[in-house]
Amino acid sequence: KTGVQAYRQSLSVTGQNIANINTEGYNKRTADVGEIAGVSGGPTTVSDQSGLGVRVDNIRRSFDSFLADNTRTTTSDYNKLDSFVKNLNNLENMLLPEDSDLGTFIGRFFSSLQDVASKPDELSARTVAIENGKALANSFNTYDRTLKNYKNGVLKEVDTQIDKVNLSLEQISKINKLIRKSGKSDASNDILDARDLALKELSKSINFTADFDETGAANIRLGDSGKGPVLIDGISFATITASSDEKNIVLKINRDGFSYSAPGLSGGIVSGLSEYYNLLETVQNEISQLAEKLSNELNEVQTSGIDLNGNNG
C-alpha cells in the first residue's frame with residue numbers, strides 16, 4: 001500500500017513537471033523516495049526487519065546555486081552588450097548615412113572652394129561655395145541636435161530601467177518575507193522559483209551578487225565583487241535613482257535615510273546605456289571641436305584674402 005501511494009505521488013510530480021514545461025522560472029521537481037524502517041525490538045521481542053514499506057521523504061527542486069549565479073552574470077553581460085550594440089548601430093547609421101555624411105558635405109564645400117580659386121571672377125562659383133558652406137554648417141548643427149536627442153532618449157530609457165530595478169528589489173524583499181515566514185529551510189518550491197525568477201529579471205538591468213541565508217532569503221550587493229553596496233538585506237531594500245550631467249549618468253543608492261554613490265555597476269542594460277551616453281558625449285565633443293577648428297581656420301584665411309573687388313578682408 002505504501003509503495004502504491006509513494007509512486008503515485010512520484011508520478012504526480014512527473015506530471016507537474018510536464019505540465020509546467022513552458023512555465024517561466026519553473027524548476028523541475030524530483031520526488032525523493034525512502035524506506036520506512038522496521039519496528040525496533042524490545043527486551044522480549046524480536047525486531048521486524050522486513051520494514052514497513054516506502055514513502056516520499058521530500059519533493060526537491062532541481063537547483064544549483066553556482067549555475068544560477070553564472071546564469072545571472074552572463075545575463076547581465078549579454079544585456080549590457082546587446083543594449084550598447086543596438087544603440088551603437090543607430091549612432092553609426094546617423095553618422096554615416098549613404099552619400100550624406102559630414103565628410104561628404106566637407107568634401108563638397110572644399111571642392112567648391114577649388115572652383116572659386118580656379119575661376120575667381122565668376123559669381124556662380126562663389127554662389128555655389130556659399131551654398132555649400134551653408135549646407136556644411138547646417139550639417140554640423142543637425143548632427144549636434146540629433147546627438148542631443150539621442151542623449152535625452154538614453155536618459156529616459158535609464159529612468160525606465162531604474163523603475164524596473166526598484167520594482168524588482170521591492171518584489172524580492174516581499175518574497176524574502178514569505179520565505180522567512182515559512183521557517184528554516186521550509187519555503188515552498190514555488191516561492192523559491194519566484195525568488196530565482198525575480199533575481200534573473202533583475203540581472204537583465206544591473207549586475208549583482210546574491211547569497212542566501214539559512215531560510216533561503218536572498219541578500220543582494222551591487223557589482224561582481226561581493227563587497228558592493230547592499231541593495232537587499234533580508235526584507236530591507238534600497239532604491240536607486242539616476243541623474244546626469246553633460247558627460248555622465250550618475251546613480252545613487254538610497255537606503256535607511258542615506259544616499260551614496262553606486263560603484264561596481266558593470267553589467268546589465270543600465271550599464272550599457274551609461275557607456276553609450278558617455279560615447280555620445282565623446283562623439284558630440286569631437287564633432288564640435290572639428291566645427292570650431294574648421295570655422296576658425298577658414299575665417300582666418302577668409303579675412304586675410306581679398307574680395308571680388310580686390311579689397312582686403
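This one's a predicted model, so the numbers in the text were calculated from it and none came from an experiment.
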Determine whether a donor-acceptor pair (N or O, by modelled atom type, separation under 3.5 Å) exists between the side chain of [X] and the backbone of [Y].
{"X": "Ser76", "Y": "Ser203", "answer": "yes"}
{"X": "Asn309", "Y": "Asn311", "answer": "no"}
{"X": "Asp233", "Y": "Ser236", "answer": "no"}

Does NZ or CZ of [X] lie under 6.0 Å from the centre of the six-membered ring of [Y], at an angle within 45° of the ring axis?
{"X": "Lys252", "Y": "Tyr260", "value": "no"}
{"X": "Arg195", "Y": "Phe212", "value": "yes"}
{"X": "Arg29", "Y": "Phe63", "value": "no"}

- To the nearest 0.5 Å, what is the distance between CZ (Phe237) and CG (Asn254)?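 The CZ atom of Phe237 sits 11.5 Å away from the CG atom of Asn254.
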- From OG1 (Thr30) to CZ (Arg61), nearest 0.5 Å: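 The distance works out to 11.5 Å.
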- Message: Within the structure provided, determine whether Glu92 and Asn89 are in side-chain contact (heavy-atom separation under 4.5 Å).
- Response: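 Glu92 vs Asn89: side chains touch.
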- Would you indicate whether the side-chain heavy atoms of Ser205 and Ser168 approach each other to under 4.5 Å?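 Not touching, per the 4.5 Å side-chain cut-off.
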- Taking NZ, NE, NH1 and NH2 as the nitrogens, is one of them in Asp115 or Lys119 under 4.0 Å from a carboxylate oxygen of the other?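 Salt bridge: no.
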- Is Asp82 paired with Lys86 through a side-chain N to carboxylate O contact shorter than 4.0 Å?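 A salt bridge links Lys86 with Asp82.
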- Would you check, one step at a time, whether the test side-chain hydrogen bond (donor to acceptor under 3.5 Å, both in side chains) holds for Gln9 with Gln5? CA-CA 6 Å; Gln9 190 171 1; Gln5 291 174 336; over 6 Å; no
